[in-house]
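Values in this document were obtained by computation on a predicted structure and should not be read as measured data.
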Amino acid sequence: MSYKFLLFDLDNTIFDFDAAEAAALSRLFEQLNIPLTQDIRRKYHQFNQKLWQMYEKDEISRSELLEARFPLFFQKLRVPLHGLNPGKIYRGYLQEGHQLLPDAKFILQQLAKSFRLFAVTNGISATQRQRLDDAGIISYFDDLFISEEIGHQKPAKSFFDYVFAHIPNFELAEAVVIGDSLSSDILGGTNAHVDTIWYNPDFVPNHSSIHPIYQIAHLTDLPQLLSNQVV
């Protein structure tokens, strides 16, 4: 039986989230009239990544992540906010960033002819939906599964249980999760007993106990891999 259901992560799998984040952060600091150094960028990226990992582990809620992220970060920088809401400003800028990774649109267009495509993301609902629409790729997906909307997040099995229950005629053996994050996408697929494809464009060594079924370095590798696999 060949794969039929492709469950795509979005950020840094389809979207160039790093580019969108960098642009949104630049615009935020410009609006706040605060110099944005490379050191501050690095510190924010590390801090934000840590919060999202805590969210994935269910250690903090989505609202805690979004509401506390910038107040805590600016507190670390010892920058007063004077009643401003930088998180809301940042999310507005991030929502406008819909940069795609190389070949992403072409690959989705090709795969949508032979497979059923679904987005599975821990991102913010309004942000992800607008970015998909603005990038002109929302029509390639049969449905979107966003953690904020369904009340569960990757890598929890409950997230994927919800996804599977809401895909018509779904068969576990015909599905594969495709994503860049070992701790979110690949672990999530493993928890849900579904095959996984790790998108690893930077050839990052995997020293974890999380093992994908397949690994690719380029999105253009997907059509050949998918057409050759039988489960």
Side-chain angles (χ1 to χ4, degrees), residues 2-22 45 48-49 52-53 55-56 94 97-124 127-128 131-132 135-138 140-147 153-156 159-160 163 167 172 174-231:
S2 301
Y3 290 131
K4 181 177 180 181
F5 308 96
L6 309 185
L7 311 180
F8 275 97
D9 171 56
L10 293 180
D11 290 326
N12 285 332
T13 300
I14 300 299
F15 287 116
D16 188 343
F17 181 78
D18 290 343
E21 179 186 72
H45 181 75
N48 186 50
Q49 193 172 50
W52 278 100
Q53 289 170 351
Y55 173 66
E56 290 171 6
L94 188 63
H98 56 270
Q99 300 92 324
L100 294 170
L101 289 171
D103 301 308
K105 187 170 185 177
F106 172 76
I107 292 302
L108 291 175
Q109 185 181 48
Q110 296 303 306
L111 293 176
K113 298 175 183 178
S114 304
F115 302 91
R116 296 177 61 190
L117 275 54
F118 300 87
V120 289
T121 175
N122 280 349
I124 301 164
T127 300
Q128 299 297 57
R131 294 166 74 215
L132 285 163
I137 60 173
I138 196 168
Y140 299 131
F141 293 95
D142 287 47
D143 206 347
L144 313 176
F145 296 100
I146 304 173
S147 61
Q153 67 272 358
K154 299 179 293 183
F159 175 94
F160 288 96
V163 171
I167 297 178
L172 197 66
E174 297 178 328
V176 62
V177 175
I178 304 163
D180 70 295
S181 172
L182 286 172
S183 63
S184 176
D185 308 311
I186 307 307
L187 179 59
T190 302
N191 288 341
H193 307 293
V194 66
D195 282 359
T196 55
I197 300 174
W198 184 29
Y199 173 55
N200 183 19
D202 297 324
F203 299 96
V204 177
N206 181 9
H207 300 303
S208 75
S209 59
I210 306 166
H211 300 292
I213 303 297
Y214 307 106
Q215 181 176 167
I216 59 171
H218 308 283
L219 290 177
T220 50
D221 296 335
L222 270 175
Q224 186 66 40
L225 186 155
L226 292 168
S227 65
N228 288 343
Q229 300 310 318
V230 176
V231 292

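Atom CD of residue Glu21 and atom CG of residue Asn12 lie 8.5 Å apart, to the nearest 0.5 angstrom. Within the model, atoms CD1 of Ile137 and NZ of Lys105 stand 8.0 Å from one another, a figure rounded to the nearest 0.5 Å. Expressed to the nearest 0.5 Å, how far CG of Asp11 lies from CG of Asn122 amounts to 9.5 Å. Taken from CG in Asp9 to OG1 in Thr196, the straight-line distance is 12.5 Å, to the nearest 0.5 Å. Distance check, rounded to the nearest 0.5 Å: CG of Leu187 to NE2 of His211 gives 11.5 Å. Interatomic distance, Phe160 CZ to Asn191 CG, rounded to the nearest 0.5 Å: 8.5 Å.
Pairing each heavy atom of Tyr199 with each of Ala217, the nearest pair is CE1-O, 3.7 Å. Taking both residues in full, the closest heavy atoms of Trp198 and Val204 are given as CH2-O, 3.3 Å, listed atom of the first, atom of the second, then distance. Scanning all heavy atoms of the two residues, the minimum distance from Ala20 to Gly97 falls at CB-O, 4.0 Å. Minimum interatomic distance between Phe115 and Leu117 (heavy atoms only, all atoms of both residues): O-CD1, 3.6 Å. Of all the heavy atoms in Ser147 and Gly123, the pair that sits closest is OG-O, 3.9 Å.
Using cut-offs of 30° and 60° on the angle between ring planes, the pair Phe141 and Phe8 is perpendicular. Ring planes of Phe145 and Phe118: tilted class, angle from 30 to 60°.
Between Asp195 and Pro212 the shortest side-chain heavy-atom distance does not fall below 4.5 Å. Counting heavy atoms from C-beta outward, Ile107 and Thr220 have side chains that approach closer than 4.5 Å. Taking the side chain as every heavy atom from C-beta outward, Leu94 and Ile124 never approach each other to under 4.5 Å. In this structure, the side chains of Leu225 and Ile216 come closer than 4.5 Å at one or more pairs of heavy atoms. For the pair Tyr140 and Gln109, the minimum side-chain heavy-atom distance is below 4.5 Å. Phe5 is not listed as a side-chain neighbour of Val176, based on a closest heavy-atom distance of 4.5 Å or more. With contacts defined as side-chain heavy-atom distances shorter than 4.5 Å, the pair Ile186/Val177 does not qualify.
Between the Lys154 side chain and the Val120 main chain, a donor and an acceptor come within less than 3.5 Å of each other. With Gln153 contributing its side chain and Tyr55 its backbone, the two residues share a donor-acceptor pair below 3.5 Å. A distance-only check finds no donor-acceptor pair linking the side chain of Asp103 to the backbone of Phe106 [under 3.5 Å]. Between the side chain of Asp221 and the backbone N or O of His218 there is at least one donor-acceptor pair closer than 3.5 Å. At least one donor-acceptor pair closer than 3.5 Å links the side chain of Thr13 to the backbone N or O of Asp180.
Residues forming a side-chain contact (heavy atoms from CB on, under 4.5 Å) with Pro102 (at least two apart in sequence, or on another chain): none. Asn206 meets the side-chain hydrogen bond (donor to acceptor under 3.5 Å, both in side chains) test with Ser208; sequence neighbours excluded. Every residue two or more places apart in sequence or in another chain that forms a side-chain hydrogen bond (donor to acceptor under 3.5 Å, both in side chains) with Ser183 is listed here: Glu56, Ser181.
We find that Arg116 and Asp143 are not joined by a salt bridge, their nearest charged nitrogen and carboxylate oxygen being 4.0 Å or further apart.
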Dump the intermediate steps for side chain to side chain contact (heavy atoms under 4.5 Å, CB included) on Leu101 and Phe15, then the final yes or no. CA-CA 5 Å; Leu101 289 171; Phe15 287 116; over 6 Å; no
Could you give me the CA-CA distance, side-chain angles and deciding distance for Ile14 and Leu100, then say whether side chain to side chain contact (heavy atoms under 4.5 Å, CB included) is met? CA-CA 6 Å; Ile14 300 299; Leu100 294 170; 3.9 Å; yes
